[in-house]
Amino acid sequence: MSRHSSVASASRNPRRNSFFDKIKTAACLNSSSPDSGKGRSKSSGKKMFHGFHLVEGKSGHDMEDYHVAEYRKIKNHELGLFAIFDGHLGDSVPSYLKDNLFNNILEEPNFWKDPASGITNAYRSTDKFILENSMQLGPGGSTAVTAIVIDGKDLWVANVGDSRAVVCERGCANQLTEDHEPHTERKRIEEQGGFVTTLPGDVPRVNGQLAVARAFGDQSLKAHLSSEPFVRHVPIDSTMEFVILASDGLWKVMKNQEAVDLVKPIKDPQAAAKCLTTEALARNSRDDISCIVIRFG
């Protein structure tokens, strides 16, 4: 992600164990991560089908995107867990998020009573842990878009940064997340002692560096950078056909409705995700492009 200018629990404390395991095996984790695949829910209730496709960009750096697409059975509920993590200045932060963010969310004591609060608290505590361990994880950061589907009935989406979730309802695109761009949060950033610059031919940047106003990590900018997520609940009904989660490598070159129209006729969600990434490349997106398509029914 060209954000910067040139300048399940195995122990009582899974987030720390997983963190140090990740540090020791980072290269192996990076090389073994598949870039394309599909899956489906196992519940006898409402069915979900998903597909994903990730493509390394042409910006001259290693792949910094990670994804999650899995199903878990917890407390007699089936959860579909989906995420795109779009890193900058290295892949340590997004790879940590891949291994830990959903565990942190599901370990929140009030998640089942108040999912919005549980998700928000987990985003905050995860960011705090990343900052406390910046010596190991490095100075970089990551945007995130997460989606939790509970029993095929309730969709909870959250994001920081400009990775985005878009739902197709009756053929129309509806953006479920907020793009956290510096110019829209200029007042907050300036009140916290930072600034937003927009140089000719460039995008607005926090302190002349980061092109998003919210993200995990980024130790040097954290005084002016938020990790507070935007959270939304959407009941799943018969009008909802599918959801697209994607990094900004897609959304930089494609409007929401264009993406929906492109994949609406494609019933195989893996083929749909690959179609979107292929089209983004054809439109000269140079960023890493990561996409998950989730179909309902």
Side-chain angles (χ1 to χ4, degrees), residues 1-3 8 18 21-23 25-41 48-72 80-102 137-138 140-147 149 159 161-166 216 242-254 258-260 262-263 266-295:
M1 171 170 81
S2 301
R3 295 281 176 251
S18 182
D21 289 343
K22 188 211 74 63
I23 291 297
T25 61
C28 181
L29 281 172
N30 193 29
S31 62
S32 63
S33 179
D35 67 353
S36 191
K38 66 171 68 177
R40 61 180 294 171
S41 63
M48 283 183 290
F49 308 83
H50 76 268
F52 60 89
H53 197 78
L54 289 78
V55 178
E56 186 173 331
K58 301 177 182 178
S59 299
H61 57 69
D62 292 336
M63 182 65 161
E64 295 176 329
D65 284 12
Y66 284 79
H67 83 286
V68 174
E70 64 180 63
Y71 301 93
R72 296 189 196 178
L81 306 176
F82 307 96
I84 297 289
F85 303 115
D86 188 352
H88 42 271
L89 291 183
D91 67 347
S92 292
V93 172
S95 61
Y96 171 78
L97 292 169
K98 171 186 179 292
D99 292 335
N100 293 277
L101 182 56
F102 280 120
L137 287 170
S142 179
T143 70
V145 56
T146 58
V149 181
N159 81 298
D162 54 6
S163 291
R164 188 183 299 173
V166 174
F216 286 103
F242 58 88
V243 172
I244 301 169
L245 305 181
S247 61
D248 72 317
L250 177 73
W251 305 118
K252 281 179 180 176
V253 296
M254 199 177 304
E258 288 180 310
V260 164
L262 186 64
V263 300
I266 304 174
K267 300 306 179 184
D268 180 344
Q270 183 182 8
K274 186 174 182 179
C275 178
L276 287 168
T277 58
T278 300
E279 177 62 21
L281 287 172
R283 298 186 183 197
N284 296 318
S285 177
R286 299 186 60 82
D287 208 345
D288 297 334
I289 309 165
S290 303
C291 182
I292 301 172
V293 176
I294 309 159
R295 277 199 171 271

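Because the structure is a prediction, the values reported are computed rather than measured.
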Find the distance between CG (Leu97) and OG1 (Thr143) and round it off to the nearest 0.5 Å. 9.5 Å

Which heavy atom in Cys291 sits nearest to a heavy atom in Leu276, and how many Å separate them? SG-CD1, 3.5 Å

Is it true that a side-chain atom of Thr277 and a backbone atom of Ile289 form a donor plus acceptor pair closer than 3.5 Å? no

Let me see the working for Phe242 and Val260 under side-chain contact (heavy atoms from CB on, under 4.5 Å), right down to the final yes or no. CA-CA 9 Å; Phe242 58 88; Val260 164; 4.0 Å; yes

Nearest atoms (heavy-atom pairs only) where Gly90 meets Pro94: O-CD, 4.0 Å

Residues Ser163 and Ala144: closest non-hydrogen pair is CB-C, 4.3 Å

Give me the atom names and distance for the closest heavy-atom approach of Ser36 to Gln270. OG-NE2, 2.8 Å

Anything under 30° is parallel, anything over 60° is perpendicular, the rest tilted; go ahead and classify His50 against Tyr71. tilted

In this structure, NZ of Lys274 is separated from CG of Leu54 (nearest 0.5 Å) by 13.0 Å

Quick check: do Met63 and Ser290 have side-chain heavy atoms less than 4.5 Å from each other? yes

I want to check something: taking the side chain as every heavy atom from C-beta on, are Leu262 and Cys275 in contact at a cut-off of under 4.5 Å? yes

One should read off an interatomic distance between Phe85 CZ and Phe216 CZ, to the nearest 0.5 angstrom, of 7.0 Å

Should Asp268 and Phe49 count as side-chain neighbours, where that means a heavy-atom distance under 4.5 Å? no

So Ser285 and Leu250, do their side chains get closer than 4.5 Å, heavy atoms only? no

Nearest 0.5 Å, please: how far is NZ in Lys98 from CD1 in Ile84? 11.5 Å

Phe82 and Val243: side-chain contact (heavy atoms from CB on, under 4.5 Å), yes or no, with the steps? CA-CA 11 Å; Phe82 307 96; Val243 172; over 6 Å; no

Has the side chain of Glu64 got a donor or acceptor atom that lies under 3.5 Å from a matching backbone atom of Asp91? no

With a 3.5 Å distance limit and no angle check, can you tell me whether Asn159 reaches the backbone of Gly161 through a side-chain donor-acceptor pair? yes

Of all the heavy-atom pairs spanning Leu245 and Ala165, show the shortest one and how long it is. CD2-CB, 3.4 Å

Using 0.5 Å steps for rounding, measure from the CG atom of Asp86 to the CG atom of Asp65. 4.0 Å

Treating Trp251 as the side-chain partner and Asp162 as the backbone partner, does any N or O pair qualify as donor plus acceptor under 3.5 Å? no

Taking side chain as C-beta onward, heavy atoms only, is Thr146 less than 4.5 Å from Phe102? yes

Heavy-atom pair of closest approach, residues Gly249 and Ala280: O-CB, 4.1 Å

Measure the NE2-CD1 distance between His67 and Ile292 for me, rounded to the nearest 0.5 Å. 6.0 Å

